[in-house]
Amino acid sequence: MKSETTALERKWIWYDVGNSAFTMLTATLLPIFFHTLAGNAGISETEYLAYWAYATSVVTVLVAVLGPTLGSLSDLRGVKGKFFLGSVLVGTVSCVLLGFAVHWIWFLLVFVLAKTAYQLSLVIYDSMLCDITTEKRMDEVPAKGYAWGYIGSCVPFVATVIVYVLYAMLGLLPLVAASALGCAITALWWLGWSLPLWKSYRQTHYVSGRERPVREGLRNLGGVFTELAANRKALWFLVAFFFFIDGVYTIIDMATSYGTSLGLDTVGLLAALLVTQVVAFPSALLFGRLSRRIASERLITVCIAAYFAVTVYAAFMTHLYQFWILAIVVGLFQGSIQSLARSYFAKIIPREKSGEYFGIYDIFGKGASFTGTLLVGLVTQLTGSQNIGVGVLSLMFPVGLLFFLVSVRAPGQSDRPGPMREA
């Protein structure tokens, strides 16, 4: 990570190391803790999976509403860093409180708050990319972020797994203590890796000051939607992103809950997901290096095709060894498709409006996640089959690929943004 990266780029990468711990907690232990609370309340396996999907869908709706407004306001001079810190603080405090929830309803409510703040921090974080690196390095730096994030998340994850073993296997801790310790470890790790970026970040691209920032920010946000009509490359990419990221986010959000609902061994599931993180580290770095020689459009196409195969395979999964295969393949492409999509979008938008554009980017991403988790929940309840519920996600990837190819061929903004506008 030392070679070629600047000090500010490294601190931006470090936030991926920190926030990935919460992603890992959400994808692994939180569904298990919720499963235990739901089971104690007499909730069936099918209802458990559906309720988890619905809670995740609520998060996506909230972020889709709040993200663009926050992103638009963050484009004001000197504001982006403050919004970043605020969202991190709300997220980490909520993460700590999550560990003390003893009723399944309260657990889901605090989970919604914690994950909403986490996702809002990513809206700001993604838009910072335009300030911390050059266009030439916009593929490689995010790839390093995802790569080191996967490895970094393993440290608090292993610690929380040890806590879980003390609770579930050895009976040395009650559930509340295990949840509280696991969530506190994750929150401290997340906050600790966030502070260097907050202290060093300086907003170099911004828009003019506003007398009524909220009203004018919303008005300007509407103007960005108008601008998208002229930037066909960005517009069609967002449509493509909505479809292909649907399956990606849903698999991340529901992998553990899906495996648990199938009755697969909990320890085996957690070990397989840890392998995903380990595999994803060199894979994300490899894709970052490949982006020097191979166009990111081709790399994104490969990732979309791979995820289509993953979701088809998941529809027929019934044994733990199949989950291991799934975890390894997902690890090869998970970070790569997310980092390449993020950097590709950053290269085709005006830098001084990155907050607003990434707010819209998040609408499409969270809208996709809402669609995916809601679809899985509804199809699972209607058919009584978790496999069919997950398998329906495979339909999203061919549609996403089609629109992405349209985006690649579409005209975009021919000139890069000019100098920043002085307040």
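Only this structure's heavy atoms are used, side chains among them; waters, hydrogens and symmetry mates stay out.
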ask   = Can the ring centroids of Y361 and F241 be said to lie less than 6.0 angstrom from one another?
value = yes

Across all chains, not counting sequence neighbours, the side-chain hydrogen bond (donor to acceptor under 3.5 Å, both in side chains) partners of S407 are none

Residue pairs passing the ring pair (Phe, Tyr, Trp, His ring centres under 6.0 Å) test with at least one member in residues 61-101, sequence neighbours excluded, are Y15-F84

The complete set of salt bridge (Lys or Arg N to Asp or Glu O under 4.0 Å) pairs with one or both residues in residues 182-196, sequence neighbours excluded, reads none

Residues passing the side-chain hydrogen bond (donor to acceptor under 3.5 Å, both in side chains) test with S153, sequence neighbours excluded, are Q277

Taken in chain and number order and not counting sequence neighbours, the residues that satisfy ring pair (Phe, Tyr, Trp, His ring centres under 6.0 Å) with F308 are none

Applying salt bridge (charged side-chain N to carboxylate O under 4.0 Å, His left out) to R293 and not counting sequence neighbours gives none

In short, ring pair (Phe, Tyr, Trp, His ring centres under 6.0 Å) pairs touching residues 53-82 with sequence neighbours left out are none

By ring pair (Phe, Tyr, Trp, His ring centres under 6.0 Å), Y51 pairs with (sequence neighbours left out) W104

Across all chains, not counting sequence neighbours, the side-chain hydrogen bond (donor to acceptor under 3.5 Å, both in side chains) partners of R292 are E4, E140

_Using modelled atom types and a 3.5 Å cut-off, is there a donor and acceptor pairing between side-chain atoms of T311 and backbone atoms of Y307?_
yes

Residues at least two apart in sequence or cross-chain that pass side-chain hydrogen bond (donor to acceptor under 3.5 Å, both in side chains) with D126, listed by chain then number, are R342

Sorted by chain and residue number, the ring pair (Phe, Tyr, Trp, His ring centres under 6.0 Å) partners of W236 (sequence neighbours excluded) come out as F403

Sorted by chain and residue number, the ring pair (Phe, Tyr, Trp, His ring centres under 6.0 Å) partners of W193 (sequence neighbours excluded) come out as W14, W189

I want to know whether F33 and F111 have ring centres closer than 6.0 Å. no

